[in-house]
Amino acid sequence: MATTPPDGHPPVDWTKWEPAGDGDVRSPCPMINALANHHVLPHNGKKITKEMAITALVDAIKLDSKIATVFAGYAVTANPDSAAHSFDLDMVDKHGLIEHDVSLSRSDYALGDNHTFDKGVWERVMSTYEGKTETDFATVSEARYGRVLAAKKAHEEAQKTFEYGIKEFVLSYGESALFLGILGDPKEGKIPVEYLRVLFEQERLPFNEGWRPNEKVVTQTDMNHLIFKLIMANQHKAAEAAEVGLGSVHAVASAVTNVMPTYCTIM
């Protein structure tokens, strides 16, 4: 058993895992899908309330309640039935709400499928880690920026509009920061590369491989620290910042501290 649940709830058994079956739905987000696969969220992925999502994110993977509340609040608004007060996981692929261009494991909305795991996209990201068994800020940042460049090129070749502005810039860094914070120490940026493959390819938390939830929650301060470390490790940070309209370190810092809490997402 790997985490302490709220009073009256059983602990999470991370060894309990099964992928989606017939009639089950999933999102473009590997972490959220993993929680459904582990039965932390309803395994069918349906009728998830804001409260259910917050509890899962906070108590199972130790995400700060403020960040969890932002995600859950946006997810509920993805339901086309505004009176439902819940959402199904496949509703979260609504473009521009939580889902965004340059996902690490999905293609982009304008290119036809922003929902399904894309092996080609993912393997290009993972090629950056070739020969490494552990992540570091420089490699994670390089893998992320490589994905940005690949997505931009794919849109240009398809003559489609590439949506990559300040919001996407911050969220792109944010999702890399989040898997570092959830799967490892929020300060160091080091996790086994194997953990990434398990999470993204199997949509499973790597409990069998040695992962355990953090003792402390991953806060917005932790997220900002990780994002700043990733930005500073990017050899092309000035060019990228200028392209999205952020012309200085001060502007980047402002975007991270102001945009991230508003649009925080899970990969």
Side-chain angles (χ1 to χ4, degrees), residues 2-3 14 28-35 37-38 57 60-64 67 100 102-106 117-151 168-237 240-241 252 256 260 264-267:
T3 189
W14 290 110
C29 167
M31 186 72 77
I32 296 298
N33 293 347
L35 293 179
N37 290 342
H38 282 289
L57 294 169
I61 59 173
K62 301 302 182 185
L63 188 63
D64 183 84
I67 302 175
H100 58 90
V102 304
S103 163
L104 295 175
S105 61
R106 270 68 176 170
F117 176 77
D118 188 308
K119 185 176 180 180
V121 167
W122 174 242
E123 288 299 337
R124 283 191 292 273
V125 170
M126 289 305 294
S127 66
T128 308
Y129 297 94
E130 186 174 355
K132 292 182 177 287
T133 59
E134 188 177 58
T135 65
D136 56 73
F137 288 122
T139 309
V140 174
S141 187
E142 181 184 352
R144 187 212 65 84
Y145 189 60
R147 171 66 184 126
V148 173
L149 295 180
E168 291 77 18
F169 169 88
V170 174
L171 295 183
S172 174
Y173 275 105
E175 65 183 15
S176 290
L178 194 61
F179 70 64
L180 290 175
I182 295 297
L183 297 181
D185 183 337
K187 300 298 182 184
E188 300 301 324
K190 295 183 180 296
I191 61 174
V193 172
E194 182 183 21
Y195 285 11
L196 290 185
R197 286 206 174 272
V198 169
L199 177 63
F200 280 85
E201 296 173 18
Q202 300 181 36
E203 299 191 332
R204 173 172 67 82
L205 273 300
F207 183 84
N208 296 337
E209 290 73 21
W211 168 83
R212 297 295 182 270
N214 291 310
E215 293 295 325
K216 297 180 179 180
V217 298
V218 178
T219 66
Q220 188 63 57
T221 298
D222 293 326
M223 289 292 293
N224 290 348
H225 164 79
L226 288 164
I227 292 171
F228 287 138
K229 285 287 190 180
L230 290 169
I231 290 174
M232 291 301 103
N234 181 5
Q235 296 181 4
H236 307 281
K237 55 183 172 289
E240 184 182 16
V252 169
V256 170
M260 188 65 190
C264 183
T265 187
I266 309 281
M267 288 174 279

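Distance CG/Asn208 to CD/Glu194: 10.0 Å, rounded to 0.5 Å. Rounded to the nearest 0.5 Å, atoms OG (Ser176) and CD1 (Ile231) are 11.0 Å apart. The structure places CG of Leu183 at 11.0 Å from CD of Glu209, a figure rounded to the nearest 0.5 Å.
In terms of modelled atom types and a separation under 3.5 Å, the side chain of Asp118 and the main chain of Gly120 share a donor-acceptor contact. Without hydrogens or angle criteria, Ser141 side chain to Met232 main chain gives no donor-acceptor distance under 3.5 Å. A donor-acceptor contact shorter than 3.5 Å links the side chain of Arg212 to the backbone of Phe207.
With sequence neighbours excluded, the residues satisfying side chain to side chain contact (heavy atoms under 4.5 Å, CB included) with Pro192 are Tyr195. Listed by chain and residue number, Asp64, Thr219 satisfy the side chain to side chain contact (heavy atoms under 4.5 Å, CB included) test with Val217 (two or more places apart in sequence, or in another chain). Looking at residues two or more places apart in sequence or on another chain, you find no ring-ring contact (aromatic ring centres under 6.0 Å, His included) involving His225.
A heavy-atom distance below 4.5 Å is found between the side chains of Val140 and Tyr129. Side-chain contact between Trp211 and Val198 is absent, with no heavy-atom pair separated by less than 4.5 Å. Between Val102 and Leu171 the shortest side-chain heavy-atom distance does not fall below 4.5 Å. Proximity of Pro213 to Trp14: side-chain heavy atoms (C-beta onward) are separated by under 4.5 Å at one or more points. Proximity of Leu180 to Leu230: side-chain heavy atoms (C-beta onward) are separated by under 4.5 Å at one or more points. The shortest side-chain heavy-atom distance between Ile182 and Leu178 falls under the 4.5 Å cut-off.
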**OP:** Kindly determine whether Val193 and Thr135 satisfy side chain to side chain contact (heavy atoms under 4.5 Å, CB included), including the steps that lead there.
**Re:** CA-CA 6 Å; Val193 172; Thr135 65; 4.3 Å; yes
**OP:** Given side chain to side chain contact (heavy atoms under 4.5 Å, CB included), test His38 with Arg204 step by step and report yes or no.
**Re:** CA-CA 7 Å; His38 282 289; Arg204 173 172 67 82; 3.6 Å; yes
**OP:** Output, in order, the C-alpha distance, side-chain angles, deciding distance and verdict of side chain to side chain contact (heavy atoms under 4.5 Å, CB included) for Leu205 and Asn37.
**Re:** CA-CA 9 Å; Leu205 273 300; Asn37 290 342; over 6 Å; no
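Below 30°, between 30° and 60°, or above 60°: for Trp122 and Phe200 the angle between ring planes is below 30°, a parallel geometry.
Sorted by first then second residue, the salt bridge (charged side-chain N to carboxylate O under 4.0 Å, His left out) pairs that include residues 181-191, not counting sequence neighbours, are Lys187-Asp222. Identified under the salt bridge (charged side-chain N to carboxylate O under 4.0 Å, His left out) test for residues 120-134, with sequence neighbours left out: Glu123-Arg197, Lys132-Asp136.
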Return a table of donor-acceptor pairs under 3.5 angstrom between the side chains of residues 142-151 and protein atoms on other chains or two or more places apart.
residue, atom, partner, partner atom, Å
Arg144, NH1, Tyr164, OH, 3.1
Arg144, NH1, Ser172, OG, 2.8
Arg144, NH1, Glu240, OE2, 3.2
Arg144, NH2, Tyr173, OH, 3.1
Arg144, NH2, Glu240, OE1, 2.7
Arg144, NH2, Glu240, OE2, 2.8
Arg147, NE, Ser103, O, 2.6
Arg147, NH2, Arg106, O, 3.0

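Scanning all heavy atoms of the two residues, the minimum distance from Ala177 to Ile227 falls at CB-CG1, 3.7 Å. In terms of heavy-atom proximity, Leu35 sits nearest to Ala60 at CD2-CB, 4.3 Å. Taking both residues in full, the closest heavy atoms of Pro186 and Val218 are given as CG-CG2, 4.2 Å, listed atom of the first, atom of the second, then distance.
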